[in-house]
Amino acid sequence: MSIELDPRLNPKAIEPRLYSRWMESGEFTVHPSTVLEEGRDPFVIVIPPPNVTAVLHMGHGLNNTIQDVLIRWRRMQGRASLWAPGTDHAGIATQNVVERLIADEGKTREDLGREAFVARTWEFVRETGGAILDQLKAIGCTCDWDRTRFTLDPGLSRAVREVFVHLYEKDLIYRGEYIINWCPRCLTALSNEEAEGEEVDGRLFHLRYPLAPELAEAAAAALEAVAAVKAEAGGVGAPEEDEGEGGDRTAGGGIEPEALGQLPDGRWYLTVSTTRPETMLGDTAVAVNPADERYKGLVGGEVDLPLTGRRIPIIADGYVDRGFGTGMVKVTPAHDPNDFDMAQRSGVPLLDVMTPEAKMGENAPEAFQGMDRFDARKAVVQALQDQGLYGGEDPHTHSIPRCYRCTTVVEPRLSEQWFVKMKPLAEPALKASQDGTVTFVPGRWQKVYEHWMENIRDWCISRQLWWGHRIPVWYCQDCGETIVARDDPAACTACGSAALEQDPDVLDTWFSSWLWPFSIFGWPDKTDDLKAFYPGHVLSTAPEILFFWVARMIMAGYEFMGEAPFSTVYLHATVRDTEGRKMSKSLGNGIDPLEVVDQFGADALRFTVISGAAVGTDIQLNPDDLEASFAPGRNFANKVWNAGRFTLMTVGDDPIKPLSAVKDDLELSDRWILSRLSATAESLTQELEKFRLHDVAEKAYHFFWGELADWYLELVKPRLREDAEEGSKQAARTTLVTAFDGILRLLHPIIPFVTEELWQKLPWPEGAQRPESLISASWPTKDTALDDPEAERQLEAVQELITQVRSLRKEYGVPEGAEVEVALTGSPPSFQEALISEDSSIRRLARVGTLTMDSGAGEPVEATGPGGRASRAGAHGVLKNGTELFLPLEGVVDLEKERERLSVEIQRLSEQLKGVRGKLENEAFVSKAPEEVVARERQKQASFQEQMGKLQEKLKVFQRP
RNA sequence: GGCCGCUUAGCUCAGUUGGCAGAGCACAUCGCUCACAUCGAUGGGGUCGCUGGUUCGAGUCCAGCAGCGGCCACCA
């Protein structure tokens, strides 16, 4: 025997070598002709392109393992399985990184200027970008690397332009001045999705605005109306209120704002509430609900806006909620989207009082100019307090939006931006979900997706950044014409002037990634790649980017390709730490997948994440204890390795016979494991089709460890020895190799390295040339010729018998080395067959000296006959198939010693029992101790009593004469 | 405020059409027998969140409640 393998799997020794071999084989590469000419069925996944500057984290580790499992599985099935890789230019994120870099040199991007900054960013991306794709290789990902794309590649940029112009010409892209989300740190507009809400315990401030003197009478009337409404509400509620409590409820501990009142100088004021007092400097109206009887008389009047010297009108607008606060609201159209809408309806002016950096700007009163918005907040409150116009504050929980890239609090800001009209695009994408053209795994995401689609809002696509796709719009400096063009225009289309300025903005990063499933295949050209690989099949990603990316890809797919880009959206688990917190760089609770590969191997990483994440649940890993987190995966890979080591060493180099040649020599255990293999192949295939990867891992694990390694290998050992009978030996060799080959293939998508390494070394049937060079060449399928339910039943009973005997031995203190006698009665004929055929295995694995059974016709056998059993000490049990077993203990176990041991145990237990009983009989304890404690004691008592019963039964066995 | 999910062993979770409560880890006892101590054998451990209903039978179906988590919307 020439086969030498380490007793432990050493991933470092095999993984890089195997990956190189796969690369050389070219099996990741898929040419469109395989589909278009050879007619192979394509299977396509496009990778969610990671940020070009990203570093691999566990989320990538999980998601890319999932994709690789699917890709490898389909490749084994013979599909033209294409996984298209690439990276995203990640506008804000990458620009931030480079800005930080040049900040270290003491420069800003303005110092460099646009052109130099972009050049610098390109340089950075070319040098260090895309490293993450190499990291994916370390975990075994089999992308078609020749197809690696970048969202700023010329081809993809052409697609972006085409799309922009196409949508503009269809009137689906427009430019307009609206309230958008603005990041004062990144200095750019953001889409709604990029402003992430965060719940905070904030404060609601009440501000008093003096009314114009001519409103004094109306104000007095309004105050009465307010009081009347309040009294009515109180009058209805009062009789039902419990005594004492009713009074404090409304204010929630805070100050109840006075809707109206009079200042010491006699002027009337009204009260409005806000979480952001600094914005009052930009108020241009106060609004009430038109149906609000209380304030009818005030509408049309004016208030003096404090601190500004401006007078602003009181308007009526249906948006105002009569029940919230005083029912009067300040209107700041330039800094609040709802206020903006009200201003549009009523025609009150817009007043932007902030700078892009969210400092108070030139439209703010001089005293506040240059102040940061949060300082201004304090200053405004202070100033109002000084003037007696501060109405107090209440605690108030609300959510504030933050920039998804830098977490700065986003400022709603009036700004001219480019938008995509989404409603028409959403229609087919919504229908696709409703009619099942696109399905979600887990299914509950369908509703989330549809809800978003149904309430879709226009998409702000312009960004005030330098890194990204320039907006393909030019403005003529002479005639003011706007030119939207696929190719850079040389002259104005209207006046012929060459004085054109391109729009300075770039497009949202997602404006290029939403085209990814077809732009990477050469669209807008009609390429073979597109014909062969569009639409794809599965899109696997994190739920966080369902709206950012997945939903928009589906919309773009319909608009530009006429069909959805994939049929299944797999939203994978979130990777969390042991406290359930999402792993993130900022929390410092992440795990570096490369470190895991280094310590435990890629197979261990892959198996751990796949088996750890059942569909719909999150995966928990401990960043402080990688051993605890990844040992299951490592141990399993090692187990596979060692079972392979055994197989290779015992089967040896000699060729094996084909299964057909040993058919007649197959024994029960052979037929059993082959039948189990066939069933496992079928079951795993079904689970994969349903994307239940966790179950695939678990079932494969169970078959391999619990059936093949624990049982078949043990059963087959003697038959593989030199001196074994030839027919049996050859049948065993063939079966072992067949079963091992099968399970290696089934496991290969999940743990590709160790399976490939072992598979390469497996002997092949004599006469047959090894037809395949890599394990990936075929996927095992159910083989009905191997199905053998009878063998499964029989061998399961054998397993049960062996387990029973082992258990009884242990329970009754039979020494490890001692052989026991086992007598069976009432076994069904088929089981007797099994017993005869596996007789030696049973003796060996359960240390049985003599195994006797009745003839099957009820004829009594020596030790088990009615007389025999009654007269001898022994243990007995029953199998599921009705067979009774009797295990005489006389002469095997020191009965006297066991009796003593049991007596001591019984003694100890009865002491404990006495203690519990004493407690429970103590009335003071029962009546005064907490209920749970008493319940626990009762439970203890029951459990002790049960144990006592068992022990006493056991003792009886030893007390037999 | 709306929608969704979760609650099963000490921990992480399975439990797919209702039919004897499972796995891995951890724990305990024994064992380094020539594939593997990253292993093997055996064992202990559960009022399936609470309440009620449907049913011969409920972890599973229905209603309500509680706790935790997520997404969306933002009544300033």
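Letters go in sequence order (proteins before strands), and every chain restarts at 1.
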In whole Å, I'd like the distance from the CD atom of A:Glu196 to the C1' atom of B:rC72. 13 Å
With no angle test and no hydrogens, is the base of B:rU38 tied to the side chain of A:Arg634 by a donor-acceptor pair under 3.5 Å? yes
So what does A:His335 hit on the nucleic acid, given a heavy-atom distance under 4.0 Å: a base, only sugar-phosphate, or nothing? nothing
Is there a donor in the side chain of A:Thr397 and an acceptor in the side chain of A:Asp201, or the other way round, less than 3.5 Å apart? yes
We want to know whether A:Gln804 and A:Glu800 form a side-chain donor-acceptor pair, criterion being a heavy-atom distance below 3.5 angstrom. no
Closest-nucleotide mapping onto RNA chain B: is A:Pro632 or A:Val448 further toward the 5' terminus? I mean the 5' end. A:Pro632
Applying a 3.5 Å limit to both distances, which nucleotide forms a Watson-Crick or G-U wobble pair with B:rA58? none
Value in whole Å for how far the P atom of B:rA37 lies from CH2 of A:Trp705: 12 Å
So, does the side chain of A:Lys810 form a donor-acceptor pair with the base of B:rU29 at under 3.5 Å? yes
When only distance counts, do a donor and an acceptor, one from the side chain of A:Glu714 and one from the base of B:rA41, lie under 3.5 Å apart? no
Let's test your reading of the model: under 3.5 Å, does the base of B:rC3 pair with the side chain of A:Lys447 as donor and acceptor? no
Using Watson-Crick or G-U wobble geometry with both distances under 3.5 Å, which nucleotide pairs with B:rC27? B:rG43
I need the CZ-P distance between A:Phe704 and B:rA35, as an integer number of Å. 15 Å
Figure out the CG/C1' separation between A:Asn455 and B:rC72, and round it to whole Å. 9 Å
With sugar-phosphate meaning primed atoms plus P, OP1 and OP2, does A:Phe547 contact a base, only sugar-phosphate, or nothing at under 4.0 Å between heavy atoms? sugar-phosphate
In Watson-Crick or G-U wobble terms, with both distances under 3.5 Å, the base opposite B:rA76 is none
Using whole Å, what does the distance between atom P of nucleotide B:rU38 and atom CG of A:Asp625 come to? 15 Å
Decide yes or no, distance alone: a donor-acceptor N/O pair under 3.5 angstrom between the base of B:rA35 and the side-chain of A:Lys717. yes
Using a distance-only test with no angle check, is there a side-chain donor-acceptor pair under 3.5 angstrom linking A:Asp394 and A:His206? yes
Integer-rounded Å distance: B:rG5 C1' and A:His451 NE2: 16 Å
How would you label the contact of A:Ala631 with the nucleic acid (heavy atoms, under 4.0 Å): base, sugar-phosphate, or nothing? nothing
Can you tell me the base-pairing partner of B:rU16? Count Watson-Crick or G-U wobble geometry only, both distances below 3.5 Å, and say none if there is no partner. none
Heavy-atom nearest nucleotide on RNA chain B for A:Lys699 versus A:Phe324: which residue maps closer to 5'? A:Lys699
Rounded to the nearest angstrom, tell me the gap between atom CG in A:Asn638 and atom P in B:rC39. 7 Å
Which base sits across from B:rA63 as a Watson-Crick or G-U pair, both distances under 3.5 Å? B:rU51
How are the rings of A:Phe548 and A:Tyr404 set to each other: parallel, tilted or perpendicular (split at 30° and 60°)? parallel
For A:Trp452 and B:rG70, give me the distance from atom CH2 to atom P, rounded to whole Å. 22 Å
Can a salt bridge be assigned to the pair A:Glu819 and A:Arg843 using a cut-off of 4.0 Å between side-chain N and carboxylate O? no
